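Have a look at the structure below before the remarks.
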Amino acid sequence: MKAGFYQFNPQFGRKKENMDKVISAVQGEDLDLLVLPEFFATGYQFVSKDEVAELSESAPEGETTEMLVELSREKGFFIVAGLPEREGDRFFNSAVFTGPEGFIGLYRKTHLFFEETLYFTPGDTGFKVWETAIGRIGIMICFDWFFPESMRSLALAGAEVVAHPSNLVLPFCPDAMPVRCLENVLYAITTNRTGTEHRKEDQSLTFIGKSEIVSPKGEILVRAGTDEEELMTVDIDPGSAKDKALNPFNDILKDRRPDMYGS
Ligand code: ACM
């Protein structure tokens with residue numbers, strides 16, 4: 001199974017331009033699973049709720065999800081991508097999952113980061129895993145990684161590959177993901193963005209790049225640079241994430257002792 005990410009520098013508010021950039025980046029690529037950044041088509045640094053309302057879309061009916069469905073159908077690959085989602089008068093930091101046969105599902109970010117808390121509602125979907133032709137795929141979004149429960153919930157639900165659309169600004173995630181993958185025996189594809197957004201006079205956000213694909217053994221299979229816009233791919237074997245045995249005596253999920261952990 002060929003997995004990949006496209007790390008790039010989305011321009012705030014220029015949905016069409018950002019989507020066109022993704023479409024041209026994948027032309028000629030033969031992939032099974034593509035992961036795009038959090039808020040890949042809109043940019044990240046919202047400065048008002050009106051702006052969030054203007055750029056958010058319902059899903060699967062919105063233009064961004066429709067474009068992803070179309071791209072999935074045309075290219076024959078599965079895609080996970082982040083977008084601001086509107087449902088009635090609530091807004092979620094969401095990721096949609098599409099495949100060659102259309103829309104598959106949606107995840108709403110559980111742990112909101114920084115000023116996202118001003119504009120978005122904490123996700124209510126829980127951590128979901130979809131059984132597909134390319135394996136069991138789960139989703140978490142950016143800051144969710146900071147909470148070990150996110151990836152553990154996905155592992156307990158049977159995820160073999162965790163798609164992780166991100167807009168990372170803190171430096172910790174790329175070096176932490178090998179531990180998350182090792183302790184849950186699964187693959188993760190973290191797709192970050194590059195660039196800086198300075199849409200508020202007193203606040204500039206620089207995104208750290210370093211998108212990566214990590215194996216169930218905690219190996220970094222590919223990692224992008226800090227500033228480079230790049231599509232990187234690697235062959236992975238999701239089936240190898242099924243077996244959680246470390247040795248004949250230890251199984252990483254079965255050996256858990258939830259009664260000893262508190263809540
Ligand atoms: C983040 O959750 N965008 C850091």
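Remember, it's a predicted structure, so these values are computed and weren't measured experimentally. Just follow the structure's listing: the first ligand is 1, and inside any ligand the first atom is 1.
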*asked:* Could you check whether K15 pairs with E57 (Lys NZ or Arg NE/NH1/NH2 to Asp/Glu carboxylate O, under 4.0 Å)?
replied: yes
*Report the C-alpha distance between H111 and F147 in whole Å, list the side-chain angles of each, state the deciding distance to 0.1 Å, and finish with yes or no for ring pair (Phe, Tyr, Trp, His ring centres under 6.0 Å).*
CA-CA 8 Å; H111 306 98; F147 302 82; 3.8 Å; yes
*Do ligand 1 and F113 have nitrogen or oxygen atoms that lie under 3.5 Å from each other?*
no
*Sorted by first residue and then second, give each side chain to side chain donor-acceptor pair (under 3.5 Å) pair with at least one member in residues 69-80; sequence neighbours left out.*
S72-T98
*Would you indicate whether the side-chain heavy atoms of Y44 and F207 approach each other to under 4.5 Å?*
yes
*State plainly whether the residues E63 and K16 are in salt-bridge range, i.e. N to O under 4.0 Å.*
no
*At the 4.0 Å heavy-atom cut-off, does V169 count as touching ligand 1?*
no
*Between C142 and L168, is any pair of side-chain heavy atoms under 4.5 Å apart?*
yes
_Can you check which of R193, K109, E38, H111 brings a heavy atom nearest to atom 2 (O) of ligand 1?_
K109
_Numbered atoms and elements of ligand 1 in range of Y44, under 4.0 angstrom, heavy atoms_ = 3 (N)
*To which protein heavy atom is atom 1 (C) of ligand 1 closest, and what is the distance rounded to 0.1 Å?*
C142 SG, 2.8 Å
*With a cut-off of 4.0 Å, which atoms of ligand 1 are near a heavy atom of E116?*
1 (C), 2 (O), 3 (N)
*Would you mind telling me if ligand 1 is within reach of the side chain of F114, the backbone, both or neither, using heavy atoms under 4.0 Å?*
neither
